[in-house]
Amino acid sequence: MSEEEDDIILSELDDDELVQQMFDDLYDGLKEEIEEGVNILLERKWEPYRILTEALVGGMTIVGRDFRDGILFVPEVLLAANAMKGGMAILKPLLVETGAPRVGKMVIGTVKGDIHDIGKNLVGMMMEGAGFEVVDLGINNAVDAYLDTAKTEGADIVGMSALLTTTMPYMKVVIDTMVEQGIRDDYIVLVGGAPLNEEFGRAIGADAYCRDAAVAVETAKEFMARKHNQMAAG
Ligand code: B1M
């Protein structure tokens with residue numbers, strides 16, 4: 001059989017087959033195929049958030065498992081991340097175009113020593129979609145980056161992301177510095193990332209740990225509502 005005959009036509013697959021194929025394509029770091037898959041699912045009227053969570057995050061979970069088990073290595077995972085970002089770039093304007101009134105401002109970044117940014121980007125996208133203004137600090141952020149930007153931007157929320165057990169303690173450094181400077185209560189501090197949990201969030205003095213981007217949005221809304229109520233009362 002010729003190579004052409006072997007080619008899979010994504011648009012001819014049913015939804016389940018297409019999502020399975022996207023898992024394979026993400027695994028193989030095939031950015032163009034991932035972009036095509038996302039566009040096909042959009043044409044089939046899938047909600048952008050569903051595409052994000054079921055097709056893209058689902059695929060990245062498989063990559064993560066094989067990375068952990070030593071089946072995939074950094075260069076391959078980088079390609080997978082690049083493919084995922086291609087798909088996210090298509091979805092971003094759709095998640096953001098809600099036209100909702102601004103409900104608050106968040107400064108978000110990945111902590112010092114950590115270059116993982118997919119989860120942080122996803123949270124930023126979802127927050128924007130929910131009507132928050134988001135200032136993205138990128139990766140590898142030291143205390144000053146968070147605090148200086150939160151101050152100059154007049155942020156309501158400081159969001160921190162960490163994907164490594166070695167970098168997550170840095171979140172406490174940021175929060176402790178806020179306490180030392182007497183500004184801890186000026187901000188809602190939300191933290192997230194795969195190795196964290198609620199207990200860790202509490203132990204470092206964050207306002208909340210957010211399991212995923214949807215929880216981050218809900219939590220941010222709740223805290224903003226409380227803040228507005230306090231302001232109205234006081
Ligand atoms: Co890295 N890596 N990585 N990696 N990587 C992990 C995290 C790891 C768990 C893989 C594994 O072993 N199974 C492991 C960490 C082990 C540990 O510490 N316990 C690991 C390791 C070891 C490493 C290196 C040290 C590998 C090496 O060099 N030997 C190295 C470290 C580099 C560094 O940061 N200094 C490294 C490098 C990389 C790549 C560069 C190749 C690439 C990152 C590319 C990029 O981000 N641009 C990469 C990737 C892609 C991963 C995995 C496979 C996937 C992460 C991801 O994007 N997930 C990851 C395995 C895994 O997590 N299962 C792994 C998808 C994303 C949507 O989920 O980020 O969890 P997540 O975000 C979620 C929630 O956590 C939450 O919401 C998001 C959306 O729902 N959330 C927040 C995240 N941040 C939030 C912030 C908030 C709220 C919610 O603020 C309010």
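Read the numbers this way: they start at 1 and go in the same order the structure lists the ligands and their atoms.
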Trace of the side chain to side chain donor-acceptor pair (under 3.5 Å) decision for Tyr27 with Asp66: CA-CA 10 Å; Tyr27 195 93; Asp66 281 2; 2.5 Å; yes
Side chain Asn140, main chain Lys112, donor-acceptor under 3.5 Å: no
Separation of Glu128 CD from Met106 CE (nearest 0.5 Å): 11.0 Å
Residue Arg184 excluded, over 12 heavy atoms near CZ under 6.0 Å: yes
Closest protein heavy atom (residue, atom, distance) for atom 79 (C) of ligand 1: Ala213 N, 3.7 Å
Closest protein heavy atom to atom 12 (O) of ligand 1, given as residue, atom name and distance to 0.1 Å: Arg68 CA, 3.5 Å
Under 2.8 Å from atom 1 (Co) of ligand 1, the protein N, O or S atoms, given as residue and atom: His116 NE2
Apart from Ile115 itself, residues in the same hydrophobic cluster as defined by side-chain heavy atoms under 4.5 Å: Ile139
Protein heavy atom under 4.0 Å of atom 24 (C) of ligand 1: no
Nearest protein heavy atom with distance in Å, relative to atom 32 (C) of ligand 1: Ile115 CG1, 3.7 Å
Closest approach of any protein heavy atom to atom 46 (O) of ligand 1, naming residue and atom: Asp117 N, 2.8 Å
Option of least heavy-atom distance to atom 82 (C) of ligand 1 (set: Val123, Val217, Ile157): Val123
Heavy-atom nearest neighbour in the protein, as seen from atom 84 (N) of ligand 1, with distance rounded to 0.1 Å: Ser161 OG, 2.7 Å
Exercise check, heavy-atom protein proximity under 4.0 Å to atom 8 (C) of ligand 1: no
Tyr146 side-chain N/O to Val111 backbone N/O, donor-acceptor pair under 3.5 Å: yes
Part of Met60 with heavy atoms under 4.0 Å of ligand 1, whether side chain, backbone, both or neither: side chain
Option set Thr165, Thr166, Thr219, criterion heavy-atom distance to atom 18 (O) of ligand 1, minimum: Thr165
Under 4.0 Å to a heavy atom of Leu190 - the qualifying atoms of ligand 1, by number: 90 (O), 91 (C)
Sole residue of Met127, Glu47, Met126 in side chain to side chain contact (heavy atoms under 4.5 Å, CB included) with Leu95: Met126
Leu79: side-chain contact (heavy atoms from CB on, under 4.5 Å) partners, not counting sequence neighbours: none
Qualifying salt bridge (Lys or Arg N to Asp or Glu O under 4.0 Å) pairs, either residue in residues 12-31, two or more places apart: Asp15-Arg44
Audit row: Met160, Tyr170, side chain to side chain contact (heavy atoms under 4.5 Å, CB included) steps and yes/no: CA-CA 10 Å; Met160 291 187 271; Tyr170 194 77; over 6 Å; no
Test item: Asn82 side-chain N/O and Leu78 main-chain N/O as donor-acceptor pair under 3.5 Å: no
Protein heavy atom at shortest distance from atom 74 (C) of ligand 1: Arg211 O, 3.4 Å
For Asp212, atoms of ligand 1 separated by under 4.0 Å from a heavy atom: 76 (C), 77 (O), 80 (O)
4.0 Å protein heavy-atom contact status of atom 60 (C) of ligand 1, strictly under: yes
Single-linkage hydrophobic cluster Ile188~Met171, side-chain heavy atoms < 4.5 angstrom: no
Donor-acceptor contact present, side-chain Asn197 to main-chain Glu199, <3.5 Å: yes
Check: Ala162 main-chain N/O paired with Thr110 side-chain donor or acceptor under 3.5 Å: no
Pairwise distance CD1(Ile90) to CG(Asn39) - rounded to 0.5 angstrom: 4.0 Å
Salt bridge (charged side-chain N to carboxylate O under 4.0 Å, His left out) assessment of Lys151 paired with Asp186: CA-CA 9 Å; Lys151 189 175 174 199; Asp186 296 350; over 6 Å; no
Those atoms of ligand 1 less than 4.0 Å from some heavy atom in Lys85: 47 (N)
Shortest protein heavy-atom distance from atom 44 (C) of ligand 1, along with the residue and atom involved: Ala81 CB, 3.8 Å
Enumerated ligand 1 atoms positioned under 4.0 Å from heavy atoms of Asp114: 34 (O)
Subset of ligand 1 atoms that lie under 4.0 Å from at least one heavy atom of Gly192: 81 (N), 82 (C), 83 (C), 84 (N), 85 (C), 86 (C), 87 (C), 88 (C), 89 (C), 90 (O)
Among Leu78, Asn140, Ile62, Val215, closest by any non-hydrogen atom to atom 40 (C) of ligand 1: Leu78
Closest protein heavy atom (residue, atom, distance) for atom 57 (O) of ligand 1: Ile118 CB, 3.3 Å
Option nearest atom 86 (C) of ligand 1 (shortest heavy-atom distance, choices Met126, Met160, Met168): Met160
